[in-house]
Amino acid sequence: MKTARGPLVLFAVLCLAFPLLAAAWQAPLAVEVAPQTGEAEKGAVTPWALAIHGGAGTIPKDLPAQERDQYLASLRAALELGRDMLAKGSSSLDTVEAVVRFLEDDPLFNAGKGAVFTHDGKHELDAAIMDGRDLSCGAVAGLKTVRHPISLARLVKESSPHVFLVGDGAEAFATEMKVERVPNEWFDTPNRRAQLDAALRQEAEAKPKGTVGAVALDQQGNLAAATSTGGMTNKRWGRLGDVPVIGAGTYANNRTCAISATGWGEKFIRHTVAHDISALMEYAGLTLQQAADRVIHEKLEKDDGGVIGVARDGSIALVFNSAGMYRGAADSKGRFDVKIWE
Ligand code: ASP
């Protein structure tokens, strides 16, 4: 009996030892395939991307150098603000809101201070913001006293059960939200007054330049879009353009891209431009650049305007069919440029 037990004990010992030996054998492998940490120290950067615009239209190439430089300096400052936020890990939503707020305060652009005049010599402001993570969005239109329409749009998204608030109701919501208010004349600028006077003489709605927008991909891989405008000079009857219409002038979807448009709003609404670009990517497999080119150059007509877009892979498209578009782009690979014409 004694001799028969020996192999059994050896077998039992081996059975117990095998999993331990196997684990010890695999341990070094497991270490090898574990995710690398400290990539930042080794120079690897999590991708982010940002594009901004300050409006599209007939921007004469002989724009006085001083004026041109003012636009470029302002675009650069806005781009720096957004770049620094994204590089530090801020969300795309916070970034596009901050960049658009900055541009709303710059009298050069047709959003916030510096917004165009309506037919009645007033200002009516529109804005929208969208989060590509969950398609949540907020839009406001026909605002008269809200200093930063883009921030009220964000509050619609986050503090109301709705998507789109207009006119007196939106103003009442602004009161409840306690956002900063200014008298309507605060938005006046002499340039915009001159544009209204010229439009009134011609009895036409003048195509404006200077709507602002920002789109971004953050380090978490989330996309967001924001757009803000005073609309068209000499507009009346409560006219709204594409900017606050989700899918027309503003759209973001983590599956595809974030888009902000500028140009002749009626055309952008008819063609649901921003969503069309996203849909071409999602359903037809086009790249952002291909989709934006298709819509801006093949569906819209010359001089209608343009879009800025950032795709989920961090690629950027800046496409317009007008003479120029105030714009800028920056990304984690070191791109940083601002342009007006080609
Ligand atoms: N799209 C804006 C609107 O129609 C104007 C612009 O982008 O310049 O209200």
Side-chain angles (χ1 to χ4, degrees), residues 51-59 71 75 100 103-104 106-119 122-130 139-144 149-150 153 164 166-167 170 187 189 191-192 195-196 199 204-215 225-251 259-277 292 295-296 299-309 318-327 340:
I52 65 171
H53 74 74
T58 325
I59 308 166
Y71 275 107
L75 289 171
V100 167
L103 292 167
E104 282 176 340
D106 189 328
L108 285 176
F109 299 104
N110 173 23
K113 177 82 184 166
V116 297
F117 282 86
T118 63
H119 182 74
K122 300 272 189 292
H123 307 277
E124 293 175 3
L125 312 176
D126 311 333
I129 192 162
M130 185 159 185
V140 285
L143 297 179
K144 296 192 173 97
I150 198 64
F164 201 171
V166 302
F187 298 110
T189 51
N191 269 353
R192 298 298 183 195
Q195 285 172 359
L196 174 64
E205 245 187 9
K207 284 189 197 169
K209 306 177 276 288
T211 289
V212 304
V215 290
T227 319
S228 183
T229 190
M232 310 274 269
T233 302
N234 199 20
K235 64 183 181 182
R236 33 181 167 167
W237 308 307
R239 180 264 183 194
L240 299 179
D242 58 319
V243 166
V245 178
I246 297 299
T250 308
Y251 190 71
I259 300 287
S260 170
T262 174
W264 190 354
E266 281 73 3
K267 295 285 203 80
F268 282 72
I269 293 175
R270 281 180 205 140
H271 292 282
T272 53
V273 164
H275 182 263
D276 206 31
I277 292 170
V295 176
I296 298 301
K299 288 196 150 185
L300 294 181
E301 289 168 318
K302 195 168 161 3
D303 290 331
D304 281 348
V307 292
I308 53 168
L318 310 157
V319 182
F320 53 99
N321 61 26
S322 47
M325 180 166 80
Y326 300 106
R327 63 198 188 277
I340 302 179

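Bear in mind the structure is a predicted one, so any value in this text is a computation, not a measurement. Whatever order the structure lists ligands and atoms in, that order sets their numbers, starting from 1.
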**Student:** Ligand 1 and G265, any nitrogen or oxygen pair closer than 3.5 angstrom?
**Tutor:**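 For ligand 1, there is an N or O atom that lies under 3.5 Å from one belonging to G265.
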**Student:** Is a side-chain donor or acceptor of N234 paired with a backbone partner of T118 at a separation under 3.5 angstrom?
**Tutor:** no
**Student:** Taking C-beta and beyond as the side chain, do W264 and M232 meet within less than 4.5 Å on heavy atoms?
**Tutor:**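 They are in contact (side-chain heavy atoms under 4.5 Å apart), so the answer is yes.
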**Student:** For ligand 1, which atoms sit closer than 4.0 Å to a heavy atom of T211?
**Tutor:** 2 (C), 5 (C), 6 (C), 7 (O), 8 (O)
**Student:** F117: which residues meet the ring pair (Phe, Tyr, Trp, His ring centres under 6.0 Å) condition with it, sequence neighbours left out?
**Tutor:**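 If we apply the ring pair (Phe, Tyr, Trp, His ring centres under 6.0 Å) test to F117, skipping adjacent residues, the hits are H123.
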**Student:** Mind checking whether G263 has a heavy atom under 4.0 Å from ligand 1?
**Tutor:**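 A heavy atom of G263 does come that close to ligand 1.
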**Student:** Say whether E266, considering both its backbone and side-chain N or O atoms, lies within less than 3.5 Å of an N or O atom on ligand 1.
**Tutor:**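 By distance alone, the answer is no.
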**Student:** Between R239 and E124, does any NZ, NE, NH1 or NH2 come within less than 4.0 Å of an OD or OE carboxylate oxygen?
**Tutor:**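 No salt bridge links E124 with R239.
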**Student:** Is there any N or O on T262 that sits under 3.5 Å from an N or O of ligand 1?
**Tutor:**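 Such a contact does occur with ligand 1.
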**Student:** Once rounded to the nearest 0.5 Å, what's the spacing between atom OG1 of T227 and atom CD1 of I308?
**Tutor:**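 The OG1 atom of T227 sits 7.5 Å away from the CD1 atom of I308.
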**Student:** Say whether D242, considering both its backbone and side-chain N or O atoms, lies within less than 3.5 Å of an N or O atom on ligand 1.
**Tutor:** yes
**Student:** Between E124 and ligand 1, which residue portion shows a heavy-atom distance shorter than 4.0 Å: side chain, backbone, both, or neither?
**Tutor:** neither
**Student:** By number and element, which atoms of ligand 1 are closer than 4.0 Å to a non-hydrogen atom of G231?
**Tutor:** 9 (O)
**Student:** Taking 4.0 angstrom as the limit and counting only heavy atoms of R239, give me the atoms of ligand 1 inside it, by number and element.
**Tutor:** 3 (C), 4 (O), 9 (O)
**Student:** Could you tell me whether the side chain of K235 and the main chain of G230 form a donor-acceptor pair under 3.5 Å?
**Tutor:**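 Between the backbone of G230 and the side chain of K235 there is a qualifying donor-acceptor contact (under 3.5 Å).
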**Student:** Can you name the residues that form a ring pair (Phe, Tyr, Trp, His ring centres under 6.0 Å) with H275, not counting sequence neighbours?
**Tutor:** Y251
